[in-house]
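Data first, discussion second: the structure below is written as structure tokens.
As the structure is a computational prediction, the values presented were derived from the model and not from experiment. Just so it is clear: chains get the letters A, B, ... in the order the sequence lines come, proteins before strands, and each one is counted from 1.
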There are 2 protein chains.
Amino acid sequence: MPESANKPRKRNAAATREAILRSAHECFVRSGYDGVGVREIAAGAGVTAMLVNRYFGSKESLFAEVIARDLDAPTILTPETLASPTLARDMARLIVAVTDSQARTLDGFQMTFRSAGSTRAAELAKEQIERFHHQRLAGVLSGDKAAERAAIILSLVAGVQILRQMIGLDALSKADPDVLAQLIEPLIAALIALPKA
Amino acid sequence: MPESANKPRKRNAAATREAILRSAHECFVRSGYDGVGVREIAAGAGVTAMLVNRYFGSKESLFAEVIARDLDAPTILTPETLASPTLARDMARLIVAVTDSQARTLDGFQMTFRSAGSTRAAELAKEQIERFHHQRLAGVLSGDKAAERAAIILSLVAGVQILRQMIGLDALSKADPDVLAQLIEPLIAALIALPKA
DNA sequence: GTCTATAGAAAGATAGAC
DNA sequence: GTCTATCTTTCTATAGAC
């Protein structure tokens with residue numbers, strides 16, 4: 001290889017940037033914003049800490065970019081579930097599936113909750129959740145109080161995720177997924193249906 | 001004051017210990033385990049950082065004691081609600097009340113979730129929540145799958161708290177409390193009732 | 001019982017070589 | 001484009017005076 005003999009090492013800027021983002025994602029999901037340092041993120045990407053700040057300016061800017069990427073797509077509201085005639089049942093099963101201890105679907109939420117000690121992280125997450133998750137869910141719920149009903153559905157998802165996936169409450173993490181889905185289905189059905197008043 | 005002229009300053013051991021615990025409570029609720037330092041906790045108690053470690057050995061031991069105190073009592077399951085003939089309605093209203101942005105009732109949960117980045121904090125919280133909150137709630141739910149139903153009730157509480165109180169989702173934090181209670185009531189009713197199968 | 005002072009590690013961020 | 005080396009701050013925890 002005569003032509004590239006004096007190139008510094010191997011990667012280009014785009015690949016390095018992506019590697020840092022990916023490592024930061026893993027670290028923030030695992031330990032939250034305050035629980036991980038720039039050095040650890042850099043090591044996970046195979047670079048040095050200095051490059052992280054060079055590419056993203058600061059740890060906070062990096063976090064903002066990671067969380068924006070992770071919370072930019074709805075999770076329990078996929079096109080498939082929407083088109084289904086058994087929406088409540090499908091959604092209940094999906095909630096149970098994505099909150100499994102091994103599931104990674106809700107990484108964005110997990111990162112958010114694990115970083116909830118940081119006020120700035122909560123602000124960033126609020127914006128994204130409202131824009132991408134709540135607004136879309138509320139949009140498909142017809143009738144009165146759609147915003148509140150959508151928010152309560154999100155609350156149920158968030159709560160199950162936290163107690164099942166993060167806290168590891170035995171009654172949830174060791175439960176039969178089918179049982180959980182059966183118990184959650186009527187709740188979703190009640191929130192999808194029009195309120196009585 | 002001739003007799004106590006050479007006493008160091010003012011307090012006794014018990015009062016100092018209590019002041020540190022109280023300050024630590026406030027700090028951990030606000031910023032989570034990783035988000036606050038021993039110096040800040042000490043300053044809030046009017047002492048120096050050294051005393052914190054002298055009384056509690058380490059920051060982690062202090063946290064363990066604080067979270068044990070905060071999670072030692074059930075919150076949505078008070079004697080009053082239990083005796084009520086309209087249990088579901090009362091519990092729904094109570095959930096809305098204790099997750100108000102100004103409410104302090106669920107400080108223990110809030111501290112837990114804000115500290116969820118720390119694995120150790122999650123372990124400590126799991127033990128307490130299972131022992132004091134989940135077990136008692138499951139105990140009053142008759143019929144099959146009581147443990148799972150109780151856990152889902154706790155999930156709903158936790159989820160609403162997080163999105164309403166910590167994230168500040170507008171649809172929840174700016175909503176009419178009565179509307180929220182009306183929407184939550186049938187969910188609680190469905191979980192209190194015996195499962196169909 | 002409480003203090004000042006500090007040790008030792010680790011944090012975020014930057015300077016400058018190559 | 002990536003590195004080593006370092007600055008500055010902050011952290012937990014400890015030593016020793018009074």
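One atom, NZ of A:K59, and another, C1' of D:dT9, lie 14 Å apart when rounded to the nearest Å. The distance from atom CZ of A:R54 to atom C1' of D:dG1 is 7 Å, rounded to the nearest whole Å. Spacing between atom CG of A:L62 and atom P of C:dG12 amounts to 11 Å, rounded to whole angstrom units. For the pair B:L51 CG and D:dT14 P, the interatomic distance rounds to 14 Å; values are reported in whole Å. Spacing between atom CD1 of A:I20 and atom P of C:dG12 amounts to 14 Å, rounded to whole angstrom units. Rounded to an integer number of Å, the gap from CZ of A:R39 to C1' of D:dT10 is 13 Å.
Using a cut-off of 4.0 Å between Lys/Arg side-chain N and Asp/Glu carboxylate O, A:E123 and A:R120 are scored as salt-bridged. Look at A:R131 and A:E127 and you find no salt bridge, because none of the NZ, NE, NH1 or NH2 atoms lies under 4.0 Å from a carboxylate O. Ion pairing between B:E40 and B:R30 holds under the 4.0 Å rule for side-chain N and carboxylate O. Using a 4.0 Å cut-off between charged nitrogen and carboxylate oxygen, A:R104 and A:E26 count as a salt-bridge pair.
Put simply, B:T48 has no side-chain N or O that comes within less than 4.0 Å of OP1 or OP2 on C:dT4.
Relative to the side chain of A:N53, the nucleotides C:dT14, D:dT6, D:dA13 differ in distance, and C:dT14 lies closest. Of the candidate nucleotides C:dG12, D:dT14, D:dT2, D:dT14 has the atom nearest to the side chain of B:M50. Closest contact between the side chain of B:V47 and the listed nucleotides D:dG1, C:dT2, C:dC3 involves C:dC3.
Looking at heavy-atom distances under 4.0 Å, B:Y55 makes contact with sugar-phosphate atoms alone, never a base.
Paired with A:L180 under the rule side-chain contact (heavy atoms from CB on, under 4.5 Å), one option of A:V160, A:V96, A:T99 passes, and it is A:V96.
Near-neighbour residues of DNA chain C inside residues 21-36 of chain B, defined by a heavy atom below 4.0 Å, are absent.
Side chain of A:K126 to main chain of B:L163: no donor-acceptor pair is present (N/O by atom type, distance under 3.5 Å, no hydrogens or angles).
Counting non-hydrogen atoms of other residues, nucleotides and ligands closer than 6.0 Å to CZ of A:R54 gives a total of 12 or fewer.
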